[in-house]
Amino acid sequence: MVSAAEEFVPPSAPDFWQPLVGTGAFAVTRSMIVMLLVTLVLAVVMVAATRRLSVVPGRGQYYLEGVYGLVRNSIGRDIIGSAHFRPYVPLLFTLFTLILLNNLMGIVPPVQFPTMSRIGFPLALALGVYVVYLVAGVRRRGLGGFLRNLVPSGLPFWVVPVVFLLELVTFLITRPVTLTLRLFGNMFAGHILLLLFALGGEYLLLHGEGLLKLVSLPAFLMFFLFTAFEILIAFLQAYVFILLASVYIAEVYADDH
């Protein structure tokens, strides 16, 4: 049995709102503060690591160049292509480091809050990617050419309007939404699991009776295991986000259908 002194309340979506100042749409929330903190930390790290660049890099420059090389070569150059990738490297590198550090905030005390578990942040990043994608497409082909490229050549004329509408919905709605939901869903679900094991273990330890208190030990063990797993997820989600962004940008420079 469990003591009825305090009823267990499982974590839920409202736990991610956490307004600090104000209410409603104009509230200053915990996620906003974490995003501001991460932005400041990244700015300081980038300036400090690049202030005195040398041929033989120090530790900070070495690690930063490793991350930059991963984004530039393994993603930007290999996916977008060696002829066109350079203008997009700053965007991809910024997105990767920003998303990665925000994701890791979910396991860093005393913050322990992944900003990307609030859907507005990944949505804003996804829309930014699509603005870049659309501008690049229009600049390369012109508006008419960009729209014509949505439809494969050789289709019967009566099929063209249907295919065009489907492709337009895919490019302008489906892709940004799925890019958003993939990042948001993984970070939201991961943090919910961490909260569930941590709060559940604490509740069983403090309010469980008899041998039920021992069940808190596996709960805490799962919390630590999922914390380690969350580090991997944080990296993978940042990597997948810019990987897909690169794939979409690469389509601008692909041959016509």
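Small disclaimer: the values here were computed from a predicted structure and weren't measured.
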Engineer: Return yes if some donor-acceptor pair links the side-chain N/O of R30 with the main-chain N/O of F113 below 3.5 Å, else return no.
Structural biologist: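 Checked: no pair found.
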
Engineer: Do V240 and N186 have side chains that get closer than 4.5 Å, going by heavy atoms?
Structural biologist: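 No, too far: nothing below the 4.5 Å cut-off.
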
Engineer: Determine the minimum heavy-atom distance between V138 and L143, stating which atoms define it.
Structural biologist: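 That closest heavy-atom pairing would be CG1-N, 3.9 Å.
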
Engineer: Any heavy-atom pair between the side chains of E202 and L199 that's under 4.5 Å?
Structural biologist: yes

Engineer: Is there a path of hydrophobic side-chain contacts, each under 4.5 Å between heavy atoms of I/L/V/M/F/W/Y residues, joining L232 to L104?
Structural biologist: yes

Engineer: Closest heavy-atom contact between S216 and L204?
Structural biologist: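 Looking at all heavy atoms of both residues, the shortest contact is CB-CB, 4.0 Å.
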
Engineer: Between atom CZ of R72 and atom CG of D78, what is the distance when rounded to the nearest 0.5 Å?
Structural biologist: 10.5 Å

Engineer: Once rounded to the nearest 0.5 Å, what's the spacing between atom CG of L100 and atom OG1 of T97?
Structural biologist: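 These two atoms lie 8.0 Å from each other.
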
Engineer: Can you tell me how far apart CD1 (I79) and CG (N73) are? Round to the nearest 0.5 Å.
Structural biologist: 12.0 Å

Engineer: Between T39 and L98, is the side chain to side chain contact (heavy atoms under 4.5 Å, CB included) condition met? List the steps.
Structural biologist: CA-CA 7 Å; T39 303; L98 184 67; 4.2 Å; yes

Engineer: Should I119 and L181 be marked as a side chain to side chain contact (heavy atoms under 4.5 Å, CB included) after you check the CA-CA gap, both sets of side-chain angles, and the distance that decides it?
Structural biologist: CA-CA 8 Å; I119 194 169; L181 293 181; 3.8 Å; yes

Engineer: Are V247 and V129 in one and the same hydrophobic cluster, where Ile, Leu, Val, Met, Phe, Trp and Tyr link if side-chain heavy atoms are under 4.5 Å apart?
Structural biologist: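 Yes; tracing contacts between hydrophobic side chains, which count when under 4.5 Å, links both residues.
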
Engineer: Same cluster or not: are Y130 and L243 linked, directly or through other Ile, Leu, Val, Met, Phe, Trp or Tyr residues, by side-chain heavy atoms under 4.5 angstrom apart?
Structural biologist: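 Yes: a chain of side-chain contacts under 4.5 Å links Y130 to L243.
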
Engineer: Indicate the atoms forming the closest heavy-atom contact of K213 with H207, along with that distance.
Structural biologist: NZ-N, 4.5 Å

Engineer: With side chain to side chain contact (heavy atoms under 4.5 Å, CB included) as the test, would you mind laying out the steps for L123 and L127 before giving the verdict?
Structural biologist: CA-CA 6 Å; L123 177 60; L127 291 178; 4.1 Å; yes

Engineer: Is there a path of hydrophobic side-chain contacts, each under 4.5 Å between heavy atoms of I/L/V/M/F/W/Y residues, joining V67 to Y239?
Structural biologist: yes

Engineer: Looking only at heavy atoms, which two atoms of S82 and R86 are closest? And how far apart?
Structural biologist: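 Of all heavy-atom pairs spanning S82 and R86, the closest is O-NH1, 3.3 Å.
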
Engineer: Between Y88 and F85, does the ring centroid distance fall short of 6.0 Å?
Structural biologist: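 No, the ring centres sit 6.0 Å or more apart.
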
Engineer: Would a hydrophobic clustering, with Ile, Leu, Val, Met, Phe, Trp and Tyr connected at side-chain separations under 4.5 Å, put Y68 with Y62?
Structural biologist: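 Y68 does not cluster with Y62.
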
Engineer: As an exercise, state the distance from CG of L91 to CZ of F96, rounded to the nearest 0.5 Å.
Structural biologist: 13.5 Å

Engineer: In the structure I gave you, are the side-chain heavy atoms of N102 and M187 within less than 4.5 Å of one another anywhere?
Structural biologist: no

Engineer: Provide the closest heavy-atom pair for F241 versus L179 in the form atom of the first, atom of the second, distance.
Structural biologist: CE1-CG, 3.6 Å

Engineer: Any idea how F226 and F197 line up, ring-wise: parallel (<30°), tilted (30 to 60°), or perpendicular (>60°)?
Structural biologist: parallel

Engineer: Could you report the tightest heavy-atom contact between A219 and G201, atom names first, then the distance?
Structural biologist: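 What the structure gives for the nearest pair is CB-CA, 3.7 Å.
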
Engineer: Supply the members, apart from L166, of the Ile/Leu/Val/Met/Phe/Trp/Tyr cluster built from side-chain contacts under 4.5 Å; use none for a lone residue.
Structural biologist: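 Grouped by the 4.5 Å side-chain rule, V162 form the rest of the cluster around L166.
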
Engineer: Are side-chain heavy atoms of L244 and R182 found at a separation under 4.5 Å?
Structural biologist: yes

Engineer: Checking side chain to side chain contact (heavy atoms under 4.5 Å, CB included) for the pair M46/L64: CA distance, chi angles, key distance, verdict?
Structural biologist: CA-CA 8 Å; M46 296 300 174; L64 188 61; 3.6 Å; yes

Engineer: Just wondering, do M35 and R118 contact through their side chains at under 4.5 Å, heavy atoms?
Structural biologist: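 When only atoms from C-beta onward are counted, M35 and R118 do not touch, as no gap falls below 4.5 Å.
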
Engineer: Nearest 0.5 Å, please: how far is OG in S31 from CG in L36?
Structural biologist: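 Those atoms lie 11.5 Å apart.
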
Engineer: Output the distance between atom CG (N103) and atom CE (M105), rounded to the nearest 0.5 Å.
Structural biologist: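 That separation rounds to 10.0 Å.
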
Engineer: Report yes if some heavy atom in the side chain of Q61 is under 4.5 Å from a heavy atom in the side chain of R51; otherwise report no.
Structural biologist: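 When only atoms from C-beta onward are counted, R51 and Q61 do not touch, as no gap falls below 4.5 Å.
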
Engineer: If you draw a 6.0 Å radius around CZ in R139, do more than 12 non-hydrogen atoms from other residues or ligands fall strictly inside?
Structural biologist: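 At most 12 heavy atoms, drawn from other residues, nucleotides or ligands, come within 6.0 Å of this atom.
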
